[in-house]
Amino acid sequence: MPELPEIETIKRGIVNNVGSKIKSIEVNRLDIIKRQEFELDLLYNETITGVGRRGKYLLLTLGEYFLIFHLGMSGRFYILDADSEDNTPHIHVIIYLDNGNKLIYQDTRRFGGVFLVRDLVKFFAKMGVEPLTDDFTADYLYNITRGRKIPIKSLLLDQRIIAGIGNIYADESLFLAKIRPDKKAGLLTLTEAAALSVAVKEVLTRSIEERGTTFRDFRDGYNKTGNYQKMLKVYGRTNESCLDCGTSLTRRVIGGRASHFCPDCQK
DNA sequence: CTGGATTCCTGCTTGC
DNA sequence: TGCAAGCAGGAATCCA
């Protein structure tokens, strides 16, 4: 499940293609384009002026145009030599560059999509704060949780509030902050909100350092796995021992999502 | 407005 | 052994 650290890892892996021009774009499935504010042909011969990330979205900037990718839960985005053969199933978009590379967008389950955007501000208008910026503070988290009855985990996953956290990092952050995922958001104290905001930053930062988590599907820009799965303390460790206290870890569906936590450490 | 359920999709895992 | 059912989940959408 590509979340913020995985998209950031991909972004860093493809940044060396900035400055090259798009020769052509091959779209194998039209319905993978979820939004189209301009014709794809307009990008031919345009230069990639930047690569970026907002939440879980990967951005290619081409002057005034933006080519945006969301990887859903099984999507991949990687670089190959333009003339190399790639028979991977479910390749939906191939971007041929004038530097001899091609960029591949592949997504088995097609929960992701491609967005051809001109009005970037409007496109991201409803997106929440970036958790690794100074906008994401204890006060912000505390204030936004007031009066909310949903589980704190559901709130962490709400992209309109915080951008980029998915199921894995929500569970890991809550464990680090010693807060149960099913605790009502409105019941968090300021101290807990502070611990959680710090924990989110810590977990995401460490994962980026480890080039993301490969639970099953994730690959970086060079189709290599990440390493953070080795550091996971609760996610996917149902019935294994808590690394802090030894108690058997619990798995429970919260807000429709499989959730993992320590029933002793997390209050 | 809030919160919960539903839907999309494919492939791996589970159980009979 | 083989096959069908179960499960996974980001985010839009719908409904109460």
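Below, chains carry the letters A, B, ... as their sequence lines are ordered, and counting in each starts from 1.
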Handout entry: Atom NZ of A/K233: over 12 foreign heavy atoms under 6.0 Å
Key = no

Problem - Length of the line joining A/R35:CZ and C/dA11:P, which is rounded to integer Å - result: 15 Å

Problem - Sequence neighbours excluded, every pair satisfying salt bridge (charged side-chain N to carboxylate O under 4.0 Å, His left out) that has a member inside residues 159-169 of chain A - result: A/D158-A/R160

Fill in the blank from the handout: Separation of C/dG10 atom C1' from A/Y57 atom OH, nearest Å, is 9 Å

Handout entry: A/Y222 six-ring face occupied by A/R219 cation (under 6.0 Å, within 45°)
Key = no

Exercise for the section: Measure up the A/Y140 and A/F136 rings against each other and bin them: parallel (under 30°), tilted (30 to 60°), perpendicular (over 60°). Expected result: perpendicular

Heteroatom pairs (N/O) under 3.5 angstrom, protein to nucleotides 4-6 of chain C:
none

Fill in the blank from the handout: Contacted region of DNA chain B by chain A, from 5' end to 3' end of the hits, cut-off under 4.0 Å to heavy atoms, spans B/dG3 to B/dG11

Practice task
Check the surroundings of atom CG in A/D134: do more than 12 heavy atoms from other residues, nucleotides or ligands lie under 6.0 Å from it?
Solution key: no

Problem - Nucleic acid contacts - residues 138-162 of chain A versus DNA chain B, non-hydrogen atoms under 4.0 Å - result: A/R148, A/K149, A/I150

Fill in the blank from the handout: Across all chains, not counting sequence neighbours, the side-chain hydrogen bond (donor to acceptor under 3.5 Å, both in side chains) partners of A/D182 are A/R180, A/R252

Fill in the blank from the handout: Hits for ring pair (Phe, Tyr, Trp, His ring centres under 6.0 Å) against A/F124, two or more places apart or cross-chain, chain-then-number order -> A/Y57

With a cut-off of 3.5 Å and sequence neighbours excluded, list every side-chain donor-acceptor pair involving residues 260-267 of chain A.
{"unit_1": "A/H260", "atom_1": "ND1", "unit_2": "A/D171", "atom_2": "OD2", "d": "2.8"}
{"unit_1": "A/H260", "atom_1": "NE2", "unit_2": "A/G236", "atom_2": "N", "d": "3.4"}
{"unit_1": "A/D264", "atom_1": "OD2", "unit_2": "A/T247", "atom_2": "OG1", "d": "2.6"}
{"unit_1": "A/Q266", "atom_1": "OE1", "unit_2": "A/C262", "atom_2": "N", "d": "2.8"}
{"unit_1": "A/Q266", "atom_1": "NE2", "unit_2": "A/L174", "atom_2": "O", "d": "3.3"}
{"unit_1": "A/Q266", "atom_1": "NE2", "unit_2": "A/I179", "atom_2": "O", "d": "2.8"}
{"unit_1": "A/K267", "atom_1": "NZ", "unit_2": "A/D264", "atom_2": "O", "d": "3.0"}

Exercise for the section: Classify the side-chain pair A/E6/A/Y169 by whether it contains a donor and acceptor separated by less than 3.5 Å. Expected result: yes

Practice task
Apply side-chain hydrogen bond (donor to acceptor under 3.5 Å, both in side chains) to A/N87 and list each qualifying residue two or more places apart in sequence or on a separate chain.
Solution key: A/E85

Problem - Within residues 103-122 of chain A, residues whose heavy atoms come under 4.0 Å of DNA chain B - result: A/T108, A/R109, A/R110, A/F111

Exercise for the section: Would you tell me whether A/T137 and A/D139 have side-chain atoms, one donor and one acceptor, within less than 3.5 Å of each other? Expected result: no

Problem - Distance below 4.0 Å between A/K56 side-chain N/O and C/dA11 OP1 or OP2 - result: yes

Practice task
Using side-chain hydrogen bond (donor to acceptor under 3.5 Å, both in side chains) as the criterion, list what pairs up with A/E8, not counting sequence neighbours.
Solution key: A/K11, A/R12, A/R53

Practice task
Return yes when atom NZ of A/K149 has more than 12 non-hydrogen atoms of other residues, nucleotides or ligands closer than 6.0 Å, and no otherwise.
Solution key: no

Problem - Side-chain N,O (A/Y169) to OP1/OP2 (C/dG10) below 4.0 Å - result: no

Handout entry: End axis versus end axis in the helix from B/dT2-C/dA16 to B/dC16-C/dG2, the angle rounded to 10°, five pairs used at each terminus
Key = 60°

Practice task
Starting at atom CD of A/E3, determine the distance to atom C1' of C/dG9, rounded to an integer number of angstrom.
Solution key: 10 Å

Fill in the blank from the handout: Rounding to 0.5 Å, atoms CD (A/E209) and OG (A/S207) come to a distance of 9.5 Å

Exercise for the section: Any chance you could pull the hydrophobic cluster mates of A/L187, using side-chain heavy atoms under 4.5 angstrom and chaining through other members? Expected result: none

